[in-house]
Amino acid sequence: MSCSEVTRGPHWAELRLPLHVHAMLSYFSGTILPNLSKRSYFTQPHSDIALYISLSLKRYHHTHSPIMARTFFVGGNFKMNGSNSSIKEIVNNLNNASLDPNTEVVVSPPSIFLQTVRESLNKKIGVAAQNVFYKPNGAYTGEISVEQLKDSNIDWAILGHSERRTILKESDETVSLKTKVATEAGVSVIWCCGESLEEREAGTTIEVVSKQLASLKSHISDWSRIVIAYEPIWAIGTGKVATTSQAQEVHKAIRDWLAKNVSDKVAEETRILYGGSVNEKNCGELAQQPDIDGFLVGGASLKPAFVDIVNAKQQK
Ligand SMILES: O=C[C@H](O)COP(=O)(O)O
C-alpha cells in the first residue's frame with residue numbers, strides 16, 4: 001500500500017512523537033520518499049507516519065552503522081602434497097604455534113588425510129576438503145559428497161581452484177553447482193576465481209572474474225558461507241606475486257561487483273583473499289590493503305613460515 005493510499009488514522013499532529021523522531025522525519029522525508037514532499041509529511045495520517053518512521057530508521061541505521069570488520073582469514077592449501085609423517089609435523093607445528101587470535105585459519109590437506117588432520121588439529125583451526133561433488137551419493141567413482149564431509153566434521157571446501165578449472169576442466173557451471181550444494185548443506189566454501197596470463201595481458205581480468213562471479217550468483221542466494229579467493233593463475237606457484245596495487249585493484253573490483261549485483265551488505269561482509277606466491281616476506285604489505293582480507297596459501301602452507309603468514313596483520 002503506498003502512502004497516498006492511506007486514509008485512516010489520526011493526523012500526525014495528534015501524535016506525541018519524540019522531537020528527534022520529528023526532526024529525523026523531516027530530514028529524511030525528501031530523500032527516502034521523494035514523491036512525498038515535506039508538506040505532505042505534515043498532512044499525512046498516523047499510519048503514514050509509522051511508515052516514515054520505519055523507513056527513516058532503516059535509512060539511519062544503514063548510513064550510520066559502523067562497517068562490520070571482516071575477520072582476517074588465512075587458508076593453507078596443501079594441494080596434492082604431504083605424507084602421513086610430514087602432515088603430522090605440520091599439525092604439531094600449528095598446534096604449538098602462537099597464532100593471531102583475530103585471524104581465522106583453515107587448512108586443506110589431500111582428502112586421504114582429512115579425518116586424521118581434523119582429529120589431531122586444534123579445534124580453533126578449520127579443515128577444508130579440496131573438492132566436493134554436487135550429488136549426495138551414488139556411482140560417482142573418485143568423488144566425495146557433502147554429507148561425507150559433514151560426517152567427518154569437515155565444514156569447509158575449496159572450490160573452483162584454477163588447477164581444477166584448467167587441468168580437470170571444471171566449468172563455471174560445475175563450480176557454481178558444487179558451491180550451491182555445499183553451502184546449502186552447511187559446508188562453507190573458499191571459492192576461487194582469477195585470470196590467466198593471456199587474459200591479464202589482454203586487459204580482461206575484471207571481465208573474466210565478473211563472469212565467474214555472475215555464474216556463482218545465478219546459483220546461490222546465501223553468501224554468508226562463502227569466502228572469495230582471488231588467485232591470478234600466473235602468480236600461482238611461480239614465485240611471481242601480484243603487486244599490492246594489482247591485487248588491491250581486483251579485490252576492490254570484486255567488492256564493487258558484489259555491491260552492484262548482490263547487495264551492499266554482502267559486499268561489506270564477504271572476505272576476499274589473495275592467493276598466488278604468498279610468503280612470509282610479502283604477506284605484511286598485502287595484508288595492509290583495504291580490500292585484502294587474508295590469503296589462500298599454497299606452497300608456503302607446508303612450511304613453518306605459514307605461521308608468519310597467519311600472523312601477517314601483526315607485522316610492522
Ligand atoms: O591455493 C593456493 C594457491 O594456488 C596459491 O599457491 P602458491 O601459494 O603455491 O602460489
Side-chain angles (χ1 to χ4, degrees), residues 72-82 86-87 90 93-94 103-111 113-114 117 125-132 154 156-170 172 175 178-179 182 187-197 199-200 205 208-209 212 216 226-244 246-248 250-251 254 271-287 289 292-312 315:
F72 202 70
F73 185 110
V74 176
N77 178 8
F78 298 175
K79 308 194 178 185
M80 199 176 71
N81 292 302
S86 70
I87 287 185
I90 293 171
N93 186 41
L94 286 172
T103 296
E104 184 171 0
V105 184
V106 173
V107 293
S108 188
S111 59
F113 302 120
L114 279 171
V117 169
I125 301 176
V127 178
Q130 295 176 16
N131 182 32
V132 70
I154 306 299
W156 280 92
I158 297 175
L159 292 174
H161 193 282
S162 62
E163 285 146 18
R164 295 203 62 91
R165 289 181 189 264
T166 55
I167 305 168
L168 295 154
K169 310 284 177 233
E170 286 192 7
D172 284 350
V175 173
K178 288 179 170 188
T179 308
V187 169
S188 298
V189 171
I190 301 171
W191 178 89
C192 308
C193 59
E195 82 288 3
S196 65
L197 183 59
E199 289 162 337
R200 172 153 285 266
T205 299
V208 169
V209 171
Q212 292 168 328
L216 181 63
I226 292 180
V227 171
I228 295 175
Y230 165 61
E231 301 205 315
I233 299 171
W234 48 270
I236 295 176
T238 57
K240 200 173 165 185
V241 67
T243 64
T244 46
Q246 280 173 326
Q248 165 58 25
V250 182
H251 282 231
I254 291 172
R271 269 92 57 92
I272 307 176
L273 318 180
Y274 169 77
S277 297
V278 174
N279 60 35
E280 70 281 15
K281 295 195 185 81
N282 56 33
C283 63
E285 196 184 330
L286 286 161
Q289 300 305 303
I292 297 182
D293 305 312
F295 305 112
L296 183 56
V297 185
S301 68
L302 299 160
K303 301 175 187 163
F306 182 60
V307 170
D308 299 329
I309 304 174
V310 168
N311 296 337
Q315 281 188 22

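By convention here, the first residue in the shown sequence is residue 1. Atoms within a ligand are numbered from 1 in the order they appear, just like the ligands themselves.
In this structure, Tyr230 and Cys192 have side chains that are not in contact, with every pair of non-hydrogen atoms separated by 4.5 Å or more. For the pair Asn279 and Asp308, the minimum side-chain heavy-atom distance is 4.5 Å or more.
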Can you produce the list of protein nitrogen or oxygen atoms under 3.5 Å from a nitrogen or oxygen of ligand 1, alongside each distance?
unit_1   : atom_1 : unit_2 : atom_2 : d
ligand 1 : 1 (O)  : Asn77  : ND2    : 3.0
ligand 1 : 1 (O)  : His161 : NE2    : 3.1
ligand 1 : 1 (O)  : Glu231 : OE2    : 3.3
ligand 1 : 4 (O)  : Lys79  : NZ     : 2.7
ligand 1 : 4 (O)  : His161 : NE2    : 2.7
ligand 1 : 4 (O)  : Glu231 : OE1    : 3.3
ligand 1 : 6 (O)  : Lys79  : NZ     : 3.2
ligand 1 : 8 (O)  : Gly298 : N      : 2.9
ligand 1 : 9 (O)  : Gly299 : N      : 2.8
ligand 1 : 10 (O) : Gly237 : N      : 2.6
ligand 1 : 10 (O) : Ser277 : N      : 2.7

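Figure legend: cation-pi geometry between Arg165 and Trp191, with NZ or CZ positioned under 6.0 Å from the six-membered ring centre and within 45° of its axis.
Ring centers of Phe306 and Phe295: at least 6.0 Å apart, outside the cut-off.
At distances below 3.5 Å, at least one donor-acceptor pair connects side-chain atoms of Tyr274 with backbone N or O atoms of Ala242.
Remark: Glu195 pairs with Arg200 by the salt bridge (charged side-chain N to carboxylate O under 4.0 Å, His left out) rule, at least two apart or across chains.
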